[in-house]
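See below for the structure under consideration.
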Amino acid sequence: MDIEVLIENVLNALTAGITIGCIYGLMCIGLGLIFGIMKVVNFAQGELLMLGMFASLYLVTGGGVLAFLGPYIGPFVGAMLAGPIIFIVGAFLHKFLIGRVSGLRTAGSIDDGHFGQLIVTLGISLILQNGGMIVFGSTPVTVRTPLSSSAFQVGPIFGDATIFLNKAKLIACAVAIVTAIALYFLLEFTRIGKALRAAADNPTAATYMGIDVDKYYRMAFGLGSGITAIAGGLMATYLSFGSFIGFDYVIIMYSGVVLGGIGSIMGAFWGGLTVGFVQQFSALILPPQLQNAAIFIVFLAIVMLRPQGLFGRSAERA
Amino acid sequence: MLEIKNLSVSYGGLRALTDVSLTVGEKQFVTVVGPNGAGKTTLFKTISGVVKPVSGTISFMGRDLLAMSASDRAHLGIAHVPEGRQVFKTLTVRENLEMGAYPKSGRENWTRTLDRIHTLFPILAERAQQMAGTLSGGEQQMVAIGRGLACAPKLLMLDEPSMGLAPAVTDTIFERVSQIHKDGVTVLLVEQRVAEALELSDNGYVLETGHMVLEGPYQTLLADDRVRKSYLGLTE
């Protein structure tokens with residue numbers, strides 16, 4: 001292979017890995033937040049991603065309320081608005097279903113409610129997948145923006161080697177980073193964020209402080225749903241999707257969260273970034289069907305070397 | 001201030017407390033002593049609302065506590081320093097204290113109470129940015145007590161603050177608790193270190209296998225033969 005072509009391919013895989021990775025990172029934070037704070041393994045997270053995509057689609061296309069924003073700004077505003085909408089969906093799911101099998105209600109029971117959570121979240125996942133097909137139809141759709149078929153060119157850097165930065169993915173990446181940083185500040189420095197972390201750390205002691213743990217868990221589930229939905233809205237600008245798309249991404253989300261370190265919310269971002277990076281890079285040498293296999297090979301390697309994940313603490317002594 | 005009447009609590013069919021009554025007056029220091037498994041911690045958890053009683057009443061400053069949710073009770077000015085400290089290990093020392101100040105009364109008096117906490121336990125100012133889980137047992141107990149004080153409580157409930165601590169550290173803790181009481185906080189203490197605990201208190205209760213077997217001012221309890229034999233190891 002020509003050296004210039006090789007360099008061009010590597011540089012483009014690098015930039016694509018970072019842009020896609022940041023969006024995956026945001027998606028993983030949503031799942032990491034729910035697990036990190038509530039200790040609920042949410043199998044329906046992929047469907048929350050899917051709902052985010054459709055929320056954005058219906059907001060910005062056809063007769064949607066954001067249609068006036070046009071195809072350049074609209075899709076990204078739509079993605080951000082998908083967050084609060086799916087936050088509400090998540091809060092309702094928690095109030096009527098997940099809250100019944102998690103939190104203080106099941107704390108100290110024989111399985112801490114995990115069996116119930118498994119069945120409930122899996123059930124929600126199946127209902128949303130198939131219900132989604134009835135409501136949204138079975139034809140793949142996409143949030144069209146002209147930005148997804150145009151690119152910034154950087155270079156030529158070396159000979160003819162040029163980096164092409166897809167505009168839609170670049171903006172999506174920027175939105176993802178800003179959202180992740182905002183969430184970081186929320187968790188780290190606000191009273192709400194500290195109360196969320198206290199409720200995660202020791203729910204009983206948090207109750208003694210006057211913190212309404214169930215209310216904060218509801219907020220955590222809503223936030224986790226909304227964050228993943230924003231990532232979904234962003235992805236909707238560059239890929240076509242249907243009601244079953246969540247399944248493809250729930251696996252990526254879990255690898256990201258485990259790589260980042262279970263329980264570490266911001267670690268999930270770096271885990272997601274790693275997954276996106278490996279996926280894009282493997283495209284250089286592997287056929288597309290094997291991209292997910294590459295993710296899991298790297299996943300296994302990292303987990304063998306660092307079982308607690310990239311940012312997880314090793315198991316605490318009692 | 002706190003009035004418990006005929007309280008009975010069961011855990012899955014097992015009776016933990018039977019017909020327990022207890023009164024804590026304004027500015028008093030009341031101690032509940034008793035052996036392991038007597039139901040002392042259950043009593044505290046029931047006051048805090050984490051455990052629900054089968055029968056009986058609990059009122060605090062004229063309010064019926066049993067009609068309120070557990071988290072609402074802290075907002076009345078009841079601080080519970082739980083058994084085994086239970087600090088937020090992944091939060092910094094300062095964040096632990098901030099969470100103690102979660103109720104409105106804590107936020108309004110924050111600078112004043114933080115000063116007071118740092119005067120009582122200067123080490124907490126030094127370790128402010130450290131994760132609470134990395135502290136020693138004694139320091140964690142100080143975080144737990146400081147966290148309780150952060151809401152500017154009317155009633156401070158301490159569940160075995162001496163548990164697992166070296167005797168010298170325990171002495172410091174008891175000395176600080178006595179200081180807190182002198183500053184005007186009502187204290188309800190549960191302890192296994194009976195002599196020290198009773199010495200500090202106005203009133204004492206002896207709890208055995210879920211029953212209140214004795215109560216009275218500390219001189220009366222210290223003079224009681226059963227207390228002298230079983231808890232103080234005095235035989236003469």
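Within every chain, numbering begins at 1; the chains are lettered A, B, ... in the order of the sequence lines, protein sequences first and strands thereafter.
Minimum heavy-atom separation, Tyr208(A) to Val50(B): CE2-CG2, 3.4 Å. Considering all non-hydrogen atoms of both residues, Val87(B) and Asp201(A) come closest at O-OD1, 3.9 Å. Closest approach of Pro103(B) and Met209(A) over heavy atoms only: CD-O, 3.4 Å.
In this structure, Lys194(A) NZ and Asn96(B) CG are separated by 11.0 Å, a value rounded to the nearest 0.5 Å. Separating the CG atom in Asp212(A) from the OG atom in Ser69(B) is a distance of 6.0 Å, to the nearest 0.5 Å. Note: Arg191(A) CZ to Arg107(B) CZ = 3.5 Å, rounded to the nearest 0.5 Å.
Atom CZ of Arg63(B) sits in a sparse spot, with 12 or fewer heavy atoms from other residues, nucleotides or ligands closer than 6.0 Å. Counting heavy atoms of neighbouring residues, nucleotides and ligands inside a 6.0 Å radius, atom CZ of Phe115(A) does not exceed 12 of them. Environment of CG in Leu186(A): crowded, with over 12 heavy atoms of neighbouring residues, nucleotides or ligands closer than 6.0 Å. Atom NZ of Lys45(B) has 12 or fewer heavy atoms from other residues, nucleotides or ligands within 6.0 Å.
In this structure, Arg73(B) contributes its side chain and Thr207(A) its backbone to no donor-acceptor pair below 3.5 Å. Under a 3.5 Å cut-off, the side chain of Asn202(A) and the backbone N or O of Phe88(B) do not form any donor-acceptor pair.
Listed options Met157(B), Gln86(B), His75(B), Met99(B) were ranked by heavy-atom pairs under 4.5 angstrom with chain A; first place goes to Met99(B).
For a residue to count as touching a neighbouring chain, one of its non-hydrogen atoms must lie under 4.5 Å from one of that chain's; by this rule Ala206(A) touches chain B with backbone and side chain alike.
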List the steps, then state whether salt bridge (Lys or Arg N to Asp or Glu O under 4.0 Å) holds for Glu95(B) with Arg197(A). CA-CA 10 Å; Glu95(B) 286 171 342; Arg197(A) 286 187 287 132; 3.0 Å; yes
